[in-house]
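Only heavy atoms go into these numbers, but all of them, side chains included; no hydrogens, no water, no symmetry mates.
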Amino acid sequence: MTIKINNGIVKFELVDQQADEKPTASQHQEMPTRPAVLNGKTYEIYNQQQTTFITINDQLMADGQQRPYEILINTTHAQDYSGLTAIARLSSRLLQQGVKLADIADQLGDIFDPTGGFNEASGEAYSSLIAAIAQRLKQHQAE
């Protein structure tokens, strides 16, 4: 239903219907404390236009296994910086919540660049820079 307002709005009140509800586990989760020491590996992706570095830091678990904890991405291409930082931070948060690195890589690997993809200096062609990053995540998982 559409209501046409002919006069200007002079007063409004914001009503929060969920203010009295306690947050559920899916609504609010405490940020885990970052371990003091993490083991990391950095991968490089480059072509003639830019160089991108992907660092994956692993947490040593009590059982001796290494588990990916965070992803850091840096690039020489200023236009990609904020988007890559967002992907890195969101991916890191997912890892800290128990999502597997392979699942993140699968999702990122499906992203394509409608302007023509991404070609590395090595000759490898990807559907996007993000897909090339996904390949490095899969490589890290396999090591």
Side-chain angles (χ1 to χ4, degrees), residues 1-5 8-9 11-143:
M1 177 170 101
T2 303
I3 299 174
K4 183 176 180 182
I5 300 174
I9 299 172
K11 183 178 176 183
F12 71 92
E13 180 181 349
L14 180 61
V15 178
D16 186 359
Q17 296 174 349
Q18 298 178 351
D20 295 330
E21 297 177 13
K22 292 184 179 182
T24 64
S26 63
Q27 292 172 325
H28 177 72
Q29 294 180 350
E30 292 297 320
M31 185 71 169
T33 304
R34 187 178 188 276
V37 177
L38 296 169
N39 297 317
K41 185 164 184 182
T42 300
Y43 302 87
E44 181 181 34
I45 299 172
Y46 64 96
N47 66 13
Q48 293 177 345
Q49 288 80 35
Q50 71 186 89
T51 302
T52 302
F53 297 96
I54 302 99
T55 299
I56 304 168
N57 290 326
D58 295 324
Q59 180 181 16
L60 182 61
M61 305 304 289
D63 63 1
Q65 297 285 328
Q66 295 276 348
R67 183 181 64 83
Y69 182 82
E70 67 185 0
I71 299 169
L72 308 169
I73 304 174
N74 198 354
T75 184
T76 59
H77 197 247
Q79 289 176 314
D80 292 339
Y81 185 81
S82 60
L84 293 176
T85 299
I87 288 170
R89 289 186 180 185
L90 290 170
S91 296
S92 295
R93 183 71 169 147
L94 289 170
L95 289 171
Q96 293 158 14
Q97 297 300 317
V99 175
K100 294 179 181 177
L101 184 62
D103 293 337
I104 295 170
D106 287 343
Q107 292 299 312
L108 295 177
D110 290 341
I111 295 174
F112 75 98
D113 183 348
T115 62
F118 182 84
N119 296 307
E120 280 194 76
S122 66
E124 290 289 324
Y126 298 94
S127 59
S128 66
L129 172 60
I130 306 303
I133 291 170
Q135 189 277 331
R136 296 314 192 279
L137 299 181
K138 289 178 182 181
Q139 178 182 344
H140 184 81
Q141 187 72 36
E143 294 177 353

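T55 contributes no side-chain N or O that, together with a main-chain N or O of T42, makes up a donor-acceptor pair within less than 3.5 Å. Judged by distance alone, with hydrogens and angles left aside, the side-chain atoms of T76 form a donor-acceptor pair with the main-chain N or O of T51 at under 3.5 Å. Here the side chain of R67 pairs a donor or acceptor atom with the backbone of L95 at under 3.5 angstrom. The backbone N or O of I111 lies less than 3.5 Å from a partner atom in the side chain of S127, making a donor-acceptor pair.
Distance check: L101 CG to H140 NE2 gives 6.5 Å after rounding to the nearest 0.5 Å. One finds the CD atom of Q139 at 8.5 Å from the CD1 atom of I56 (value rounded to the nearest 0.5 Å). Rounding to the nearest 0.5 Å gives a distance of 7.5 Å between CZ of F53 and CG of N74. L84 contributes atom CG, which lies 12.0 Å from atom CG of L72 (distance to the nearest 0.5 angstrom). Atom CD1 in I133 sits 13.0 Å away from atom CD1 in I104 (nearest 0.5 Å). Interatomic distance, CD of Q107 versus CD1 of I130, reported as 13.5 Å (0.5 Å rounding).
The nearest pair of heavy atoms linking A132 to Y126 is CB-CD1, 3.6 Å. Here the shortest heavy-atom pairing between Q50 and T52 reads NE2-OG1, 3.2 Å. In this structure, A102 and Q141 approach most closely via the heavy-atom pair N-OE1, 4.1 Å. Contact detail for E44 and E120: the closest heavy-atom pair is O-OE1, 4.4 Å. When every heavy atom of S92 is checked against every heavy atom of I71, the shortest pair comes out as OG-N, 2.8 Å. Closest heavy-atom contact between R34 and N57: NH2-ND2, 4.0 Å.
E143 is listed as a side-chain neighbour of K41, based on a closest heavy-atom distance under 4.5 Å. Taking 4.5 Å as the limit, every side-chain heavy atom of D113 sits out of range of all side-chain heavy atoms of F118. The shortest distance between side-chain heavy atoms of L60 and V37 does not fall below 4.5 Å. Counting heavy atoms from C-beta on, the side chains of T75 and I73 never come closer than 4.5 Å.
Y46 OH: 12 or fewer foreign heavy atoms inside a 6.0 Å radius.
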